[in-house]
Structures are given as structure tokens and as C-alpha cells.
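Hydrogens, waters and symmetry mates play no part in the numbers below; they use all other heavy atoms, side chains included.
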Amino acid sequence: MSQTNLPEGHFDQIFSIINDVTKKEVAGHILSGKLSEVMNLFSNKPNTDGANQLQSNISSGVVSNLTSKLGLSPEESNNIASVALPELINMITKHNNSTPDDDPSPLHELFGTPGNSGILGTAKNLLGGFLNK
């Protein structure tokens with residue numbers, strides 16, 4: 001809380017927004033034939049220009065949605081995104097690294113398949129303690 005000035009009562013809404021934006025951006029990249037950029041973003045390799053663009057799109061979308069849907073200031077929204085997104089990307093990268101570099105199955109698992117909560121549940125579980133410090 002002290003790092004992000006996270007408003008009380010918005011925790012679930014914030015992670016819902018992070019979930020929705022991340023899924024939308026990742027799905028858009030995959031549907032556009034850019035799975036390699038998604039795989040690159042969630043790897044330990046240096047980001048390609050495409051992976052950097054994907055990360056930027058996710059960040060911009062999160063900031064925009066936090067501002068418009070929760071009424072947070074752009075500064076508050078940027079602060080939350082700057083803390084939460086790198087941690088989330090790192091956690092997804094660690095999970096993705098559990099398989100060979102060319103296996104996207106961990107990403108399919110995290111970004112939702114029927115019967116699981118996908119990234120929303122993962123983000124809330126993994127980042128909850130971090131953001132509440």
C-alpha cells in the first residue's frame with residue numbers, strides 16, 4: 001500500500017482491470033500472429049521491439065482503465081502500473097520458464113482456459129502480498 005498508495009477497497013477491481021487488459025493485449029498479439037512477441041515478453045531473453053510494444057500497450061491500457069473506471073488520478077494509476085506490471089511479468093516469466101522456450105502451454109494456462117481463473121487468480125494470489133506491503 002505504501003509503494004502504490006492503493007486505495008482501500010479497490011484491490012479486486014484493480015486486478016480485474018489488470019487481468020482484462022493483459023488478456024486483451026496478449027490475445028490481440030496472438031491473433032495477429034505475434035506469438036513470438038508474447039513468448040519473448042514472458043522470457044528471460046532481452047525484449048524485442050515487439051515485446052516492448054506489447055508491454056507498453058498493457059501498461060497504457062491498465063493506466064487508462066484505472067483512471068477511467070476507478071477515477072484514480074493518472075499519477076496514481078501510473079504508480080500502480082509501474083509496481084504491479086513488472087512484478088506480474090516476472091512471475092509469469094518464471095511460470096513460463098517451467099517448459100522449453102518454444103512451449104506456450106504455461107501462457108495458455110495463465111491467460112485462462114475453461115475452468116480456471118487464469119491471470120486474475122494468479123495476480124491476486126502472487127501480487128496481493130506485494131501490493132499490500
Side-chain angles (χ1 to χ4, degrees):
M1 291 281 255
S2 65
Q3 289 182 355
T4 61
N5 295 320
L6 185 66
E8 290 188 37
H10 288 297
F11 187 74
D12 286 341
Q13 293 169 306
I14 288 169
F15 282 106
S16 180
I17 288 169
I18 291 170
N19 173 59
D20 293 347
V21 170
T22 303
K23 278 184 164 182
K24 176 184 172 250
E25 293 297 333
V26 168
H29 263 65
I30 292 171
L31 291 173
S32 297
K34 299 176 183 175
L35 176 62
S36 63
E37 293 175 1
V38 174
M39 295 291 291
N40 178 251
L41 178 60
F42 301 114
S43 74
N44 288 324
K45 297 176 183 174
N47 280 1
T48 61
D49 288 342
N52 282 332
Q53 184 62 50
L54 173 57
Q55 184 173 350
S56 177
N57 291 351
I58 293 169
S59 182
S60 296
V62 167
V63 169
S64 174
N65 279 270
L66 290 174
T67 302
S68 66
K69 292 181 179 180
L70 299 183
L72 301 177
S73 73
E75 294 78 21
E76 290 172 314
S77 298
N78 275 311
N79 193 26
I80 291 168
S82 71
V83 171
L85 291 179
E87 287 300 316
L88 182 62
I89 289 170
N90 185 44
M91 289 175 201
I92 293 170
T93 297
K94 285 180 183 176
H95 184 74
N96 190 40
N97 285 340
S98 66
T99 61
D101 286 348
D102 62 347
D103 181 359
S105 62
L107 297 178
H108 291 295
E109 176 187 321
L110 285 176
F111 289 104
T113 57
N116 78 28
S117 59
I119 197 171
L120 177 60
T122 302
K124 287 169 74 173
N125 291 335
L126 296 176
L127 287 177
F130 179 76
L131 286 178
N132 284 319
K133 287 182 181 176

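Here the CG-CD1 distance, from Leu41 to Ile58, works out to 6.0 Å after rounding to the nearest 0.5 Å. Distance CD1/Ile18 to CG/Asn65: 10.5 Å, rounded to 0.5 Å. To the nearest 0.5 Å, atoms CG (Asn97) and CG (Asn44) are separated by 4.5 Å. Atom OG of Ser77 and atom CD1 of Ile14 lie 8.0 Å apart (nearest 0.5 Å). A distance of 8.5 Å separates OG of Ser73 from CG of Asn78, quoted to the nearest 0.5 Å. Between the CG atom of Leu66 and the CD atom of Glu76 there is a distance of 9.5 Å, given to the nearest 0.5 Å.
For Asn57, the side chain to side chain donor-acceptor pair (under 3.5 Å) partners at least two apart in sequence or on another chain are Gln53. Contacts of Gln13 classified as side chain to side chain contact (heavy atoms under 4.5 Å, CB included), with partners at least two apart in sequence or in another chain: His10, Leu70. Under the rule for a side chain to side chain contact (heavy atoms under 4.5 Å, CB included), the partners of Ile30 that lie at least two apart in sequence or sit in another chain are Val26, Leu35, Val38.
Panel note: side chain Thr67, backbone Val63; a donor-acceptor pair is recorded below 3.5 Å. Not one N or O on the side chain of Glu25 forms a donor-acceptor pair closer than 3.5 Å with the backbone of Thr22. In this structure, the side chain of Ser64 does not engage the main chain of Ser60 through any donor-acceptor pair within 3.5 Å. Put simply, the side chain of Asn96 gets close to the backbone of Phe42: a donor and an acceptor are under 3.5 Å apart.
With Ile92 as the partner, the side chain to side chain contact (heavy atoms under 4.5 Å, CB included) test is satisfied by one option alone out of Leu88, Ile89, Asn90: Leu88.
Taking hydrophobic clusters as Ile, Leu, Val, Met, Phe, Trp and Tyr residues chained together by side-chain heavy-atom distances below 4.5 Å, Leu54 shares a cluster with Ile17. Side-chain heavy atoms closer than 4.5 Å link hydrophobic residues (I, L, V, M, F, W, Y) into clusters, and following such links, possibly through other members, connects Val62 to Phe15.
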Evaluation steps, side chain to side chain contact (heavy atoms under 4.5 Å, CB included), between Asn40 and Ser43:
CA-CA 5 Å; Asn40 178 251; Ser43 74; 4.0 Å; yes

What verdict does the side chain to side chain contact (heavy atoms under 4.5 Å, CB included) test give for Lys45 and Asp101, after you've listed the backbone C-alpha separation in whole Å, the side-chain angles of each residue and the deciding distance to 0.1 Å?
CA-CA 10 Å; Lys45 297 176 183 174; Asp101 286 348; 3.6 Å; yes

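When every heavy atom of Ala51 is checked against every heavy atom of Glu37, the shortest pair comes out as CB-O, 3.7 Å. Here the closest non-hydrogen pair linking Pro86 and Ala81 is CD-O, 3.6 Å.
A 4.5 Å side-chain heavy-atom check between Met39 and Leu107 finds at least one atom pair inside the cut-off.
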